[in-house]
Amino acid sequence: MKVGVPKEIKTHEYRVGLTPGAVREYVAAGHSVMVEMNAGAGIGATDDNYRKAGAMIVDSAREVFASSDMIVKVKEPQPSEWTQLREMQILFTYLHLAPDPEQAKGLLKSGCTAIAYETVTDAQGGLPLLAPMSEVAGRLAIEAAGAALKRYSGGRGLLIGGVPGVQPARIVVIGGGVVGTHAARMAVGLGAEVTILDRSIPRLRELDELFEGRVRTRFSTIEAVEEEVFVADVVIGAVLVPGASAPKLVSRDMLSSMRKGSVIVDVAIDQGGCFETSRPTTHADPTYEVDGVIHYCVANMPGAVPLTSSQALNNATLPFGLALANRGFSAVLENLHLRAGLNVYRGRLTYRAVAESLGLPFSPIDQAAA
Ligand SMILES: NC(=O)c1ccc[n+]([C@@H]2O[C@H](COP(=O)([O-])OP(=O)(O)OC[C@H]3O[C@@H](n4cnc5c(N)ncnc54)[C@H](O)[C@@H]3O)[C@@H](O)[C@H]2O)c1
């Protein structure tokens, strides 16, 4: 198959659909890979690195779109990209179509086959192409908190791990899923005192075993959140209720009980955030203050570390991308997990939740492909 990798054009997006390492795997499997000039610049991968991996470098995205059977990207296609997609072409990338009717219309009109990273599943019922970005965001959350706690950033002037004889920071993580676990892992590693709250008792049991007594776990109720927030130096918001906006678990009243210079990192901001006072920020201006509490609410945290994020994403997408390259659309019909990723097929919406959110007709894949 001819596989194409255009340079990402969304503002401040530095990741790349295929790293040179991933290109080597496609080429070794007998595929040809065309990469737009400078596509890897954001992760320090030169055109020569791609050439050595076996890719052909072309001058423009137009050439990539015109000549490829499958386009592999990171972010959802922008208007200038979806107009270049065509019937029978496979698009493999993050789409997040539910809140984006314009993109949905563009993809439907193009006739392409669009597989969304975020809805591909695995045998454990997880979302394997979302998890790596949650791992990155969780780990980054503690770095962000550490930076915001510094006095010159408006924080309390506290070192997360303290030093011998001096109390470390108290870090409360609300939501013990992928983000929460990776945040806790970093915080524990730095020597912080860590508490994780979750609504799932089986999950709290797993965390208790995983951390072998090095974190406190607590069932998440309004009272528990209030008590923990009151004594915290840092609160990480990491909840997810699948298919719904994040619940507002920390009210403004609770926030005002926190010590001045404390920090909240609302990782769940991409689902609306779990603090009443959260609003999305960017890497250019990541924090703001409410009632003396520093808020960090960057909606695309993994974008800060595109090298790590691209590698983690490529590790996860590679087996699925190779299956698509080897088998074409048949891979979608044969593999239940790839099938779960199919959102658009030749002018029809094949993912029920997306169709319902957009108020458009849903076509089950068997009907759409018939
Ligand atoms: N800002 C970013 O750049 C970025 C990056 C990656 C992920 N995220 C977001 O981070 C959030 C968490 O993602 P994840 O992959 O860890 O999800 P996950 O499903 O692995 O974990 C979510 C956890 O929240 C728990 N939960 C649900 N309701 C709760 C409540 N009331 N109190 C306490 N816990 C509760 C669940 O039981 C689950 O364990 C999501 O909103 C995701 O979109 C943001």
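First listed ligand is number 1; within each ligand, the first listed atom is number 1.
Heavy-atom proximity to atom 31 (N) of ligand 1, evaluated over Met133, Lys248, Glu135, Arg199, is greatest for Arg199. With Asp198, Val136, Ile222 as candidates, the residue nearest to atom 26 (N) of ligand 1 on a non-hydrogen basis is Asp198.
Scanning the protein heavy atoms around atom 21 (O) of ligand 1, the nearest turns out to be Gly177 CA, 3.2 Å. Of the protein's non-hydrogen atoms, Val239 CG1, 3.6 Å is the one closest to atom 35 (C) of ligand 1. Ranking the protein heavy atoms by distance from atom 7 (C) of ligand 1 puts Ser134 OG, 3.4 Å first. Atom 19 (O) of ligand 1 has its closest protein heavy atom at Leu240 CD2, 3.6 Å. Nearest protein neighbour of atom 16 (O) of ligand 1, counting heavy atoms only, is Val179 N, 2.8 Å. Of all protein heavy atoms, the one closest to atom 44 (C) of ligand 1 is Val267 O, 3.0 Å. The closest protein non-hydrogen atom to atom 12 (C) of ligand 1 is Ala238 O, 3.5 Å. Looking only at heavy atoms of the protein, atom 43 (O) of ligand 1 is closest to Asp270 OD2, 2.7 Å.
For the pair Val305/Val136, a side-chain contact is recorded, criterion being any heavy-atom separation below 4.5 Å from C-beta on. With a 4.5 Å cut-off on side-chain heavy atoms, Ile222 and Val225 do not count as touching.
Remark: ligand 1 atoms within the under-4.0 Å shell around heavy atoms of Leu249 are 30 (C), 31 (N), 32 (N). Close contacts of ligand 1 with Ala268, meaning ligand atoms under 4.0 Å from a residue heavy atom, involve 41 (O). Residue Gln271 has at least one heavy-atom neighbour below 4.0 Å for each of these atoms of ligand 1: 41 (O), 43 (O). Counting the atoms of ligand 1 from 1 in the order shown, those under 4.0 Å from a heavy atom of Pro302 are 3 (O). For ligand 1, the atoms closer than 4.0 angstrom to any heavy atom of Asn300 are 3 (O).
Judged by the shortest distance from any of its heavy atoms, Val298 lies inside the 4.0 Å radius around the atoms of ligand 1. Contact analysis puts Ala299 in contact with ligand 1, with a non-hydrogen atom separation below 4.0 angstrom.
Using modelled atom types, no side-chain atom of Asp270 and backbone atom of Ala299 make a donor-acceptor pair closer than 3.5 Å.
Residues in residues 120-133 take part in these side-chain hydrogen bond (donor to acceptor under 3.5 Å, both in side chains) pairs, two or more places apart or across chains: Thr121-His337. The salt bridge (Lys or Arg N to Asp or Glu O under 4.0 Å) pairs that include a residue from residues 41-51 are Asp48-Arg51, where partners are two or more places apart or lie in different chains.
Side-chain polar atoms of Thr350 and Asn343 form no donor-acceptor pair below 3.5 angstrom.
For Val241, no nitrogen or oxygen atom sits less than 3.5 Å from a nitrogen or oxygen atom of ligand 1, counting backbone and side chain alike. Distances between N or O atoms of Ile174 and those of ligand 1 include no value under 3.5 Å.
Aromatic ring pairs are classed by plane angle as parallel below 30°, tilted from 30° to 60° and perpendicular above 60°; the pair Phe329 and Tyr345 is parallel. In this pair, Tyr14 and His12 present their aromatic rings tilted. The plane angle is within the 30 to 60° band.
Applying the side-chain contact (heavy atoms from CB on, under 4.5 Å) test between Ile264 and each of Val172, Leu255, Ile294, Thr287 identifies Leu255 as the sole match.
Both tests do not hold together for Arg86 against Phe65: distance to the six-membered ring centre under 6.0 Å, angle to the ring axis within 45°.
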Full working for ring pair (Phe, Tyr, Trp, His ring centres under 6.0 Å) between Phe92 and Phe320: CA-CA 9 Å; Phe92 190 40; Phe320 295 102; 7.2 Å; no
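One distance of note links CH2 of Trp82 with OG of Ser110; it measures 10.5 Å at 0.5 Å rounding.
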